[in-house]
Protein chains: 2
Amino acid sequence: MYPNIPPAAPSAGEPIRDRLARAAFELFTVQGYESTTIDDITTAAGVARRTFFRHFRSKEDVIFPDHDSVLDRVRWYLGASANTEPVFAVAEATRLIFESFMATPEQTLARYRLTREVAALRDREVASVARYERVLSDYLRSRLPNTSEAALAAHVAAASFVAAHNQVLREWLRSGGTQSPRPALEAALTTVADLTAPLIAQSRRQSSQNAV
Amino acid sequence: MYPNIPPAAPSAGEPIRDRLARAAFELFTVQGYESTTIDDITTAAGVARRTFFRHFRSKEDVIFPDHDSVLDRVRWYLGASANTEPVFAVAEATRLIFESFMATPEQTLARYRLTREVAALRDREVASVARYERVLSDYLRSRLPNTSEAALAAHVAAASFVAAHNQVLREWLRSGGTQSPRPALEAALTTVADLTAPLIAQSRRQSSQNAV
DNA sequence: TTGAGATCTGTCACTGAGTGCCATTAGGGT
DNA sequence: ACCCTAATGGCACTCAGTGACAGATCTCAA
């Protein structure tokens, strides 16, 4: 005799974490994010309510799976790029981020549809992006002299790369993920690299301290 | 006979909304954000719990007062700038945003101290900033041809101005608000304007459609 | 002064997210 | 069979946020 009747949904040897994520996505898209409770999700996945919070920190977390691991990979790459041209390294880091979204296109698309409608999820997405921007600007600052001009250049360059990334990703998402976005990404990265390279180079040269 | 005994704290004719905000700031800084409940705030302000949510949408909202009205002012200004040079208008809009923070310096400083320590508040701050960036890029897009190069230029320029704004504000906050940040802001705006003006100008010229 | 209408507040009950604690179960190795 | 560990179920609890209703306050008009 089993303590729980297994759920009707197909869920053979699928890990509980995946079952929860799949159930959550389905319910969110069908009946909306706010009107889906954790109880709905866990019931659909055939597990106890408490188990949900052992796999995801919050209800929002089930939508944003592995930003942390991507962040770690980006940090690791930049940590190993101490002798690379800074702007080149940041461009490559941006590619890493972009490819992490393209690794699971259908999930990225589903998340995009949700974030367009739910303000809380949009804000969460924005917060994740800000973390990437932070990693990029921290790296650039580490490669530049400790002046406020250099700090400004680092932040502007990081923000520009992230903006380019987002713009290409958004356009791909809006198109429904039809064509490959990589050529557009390369074009955007080239534009931003050409734009920011002089700014970074200039702030590297001057050891003359700060401003105003 | 009064239905409630007035609280010990001085709170004569002060509007309830201000009483709540003041009590919240004090409690947050003394005993931390998470360990302060709405009950703590309303008890300190001498009002009912329900009243808090009539003045603020959420617990976080009490920290971020009037972003909406600032957004409206920025939108209004940009709406009236249909004949201004786009980059100049965005620079002026950035000044508007910056001055809205400088209008209440001590509150801006207190909020900064809180956002440094509480992740939820930091994310909220980031979301607010993203809304400003959105307004700027929407304006730029409205002033540019409908090509993907122009969209990219608009987003990169908007992100650059916002990054410059944030960098100057952060440096002023870190310094404890000692000197006037306006010269640094002007220098940063000049840098970013010089950087993005060619990008915007180029995307205005070409009516040749899109890329890739 | 009085009364009608609108606005604000107090009170209560409720939903739902998230946490702490403990018992139970499953699996793995000895 | 026996431990040991990790994962799950179940329960109780705190707290944010909302809905509904009653009471209080204010304004304006007659």
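Note that these values count all heavy atoms, side chains included, but never hydrogens, waters or copies made by symmetry.
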base_contact_polar (D:dG19 base, B:Arg50 side chain, donor-acceptor, <3.5 Å)
yes
Taken to the nearest whole Å, CZ/A:Arg57 to C1'/C:dG18 is 13 Å
Round to the nearest Å and state the distance from A:Ile16 atom CD1 to D:dG9 atom C1'.
10 Å
Can A:Arg143 and A:Asp138 be counted as an ion pair, charged N to O under 4.0 angstrom?
no
OH (A:Tyr77) and OG1 (A:Thr84) are apart, to the nearest 0.5 Å, by 5.5 Å
Between A:His55 and D:dT8, is there a side-chain N or O to OP1/OP2 distance below 4.0 Å?
yes
Do B:Lys59's NZ or CZ and the ring of B:Phe52 fall within the cation-pi criteria of under 6.0 Å and 45°?
no
Base-paired stems in DNA chain C, each at least three Watson-Crick or G-U pairs under 3.5 Å:
C:1-30 with D:1-30
Specify the separation, in whole Å, of atom CZ of B:Phe53 and atom P of D:dA16.
7 Å
Listed nucleotide nearest any side-chain atom of B:Ser58, set D:dG17, C:dT9, D:dG19:
D:dG17
Within a strict 4.5 Å, meaning less than it, do heavy atoms of the A:Leu96 and A:Val70 side chains meet?
no
Specify the separation, in whole Å, of atom NZ of A:Lys59 and atom P of C:dT19.
15 Å
Separation of C:dG18 P from A:Phe56 CZ (nearest whole Å):
13 Å
Pull out every residue in residues 27-39 of chain A that has a heavy atom closer than 4.0 Å to any atom of DNA chain C, ordered by number, or say none.
A:Thr36, A:Thr37, A:Ile38
Quick check: B:His67 with B:Tyr132 (ring centres under 6.0 Å apart)?
yes
Got a donor-acceptor contact below 3.5 angstrom from the A:His155 side chain to the A:Ala151 backbone?
yes
A:Arg49 atom CZ is separated from C:dC21 atom P, nearest whole Å, by 17 Å
Look at the side chain of B:Arg54 against the base of D:dG17 and say whether a donor-acceptor pair falls under 3.5 Å; ignore hydrogens and angles.
no
Under the salt bridge (Lys or Arg N to Asp or Glu O under 4.0 Å) test, which residues partner A:Arg182, sequence neighbours left out?
A:Glu99
Would B:Arg131 and A:Asp123 pass as an ion pair if we require N to O under 4.0 Å?
yes
side-chain contact (heavy atoms from CB on, under 4.5 Å) between B:Thr115 and B:Val118, worked out:
CA-CA 5 Å; B:Thr115 52; B:Val118 183; over 6 Å; no
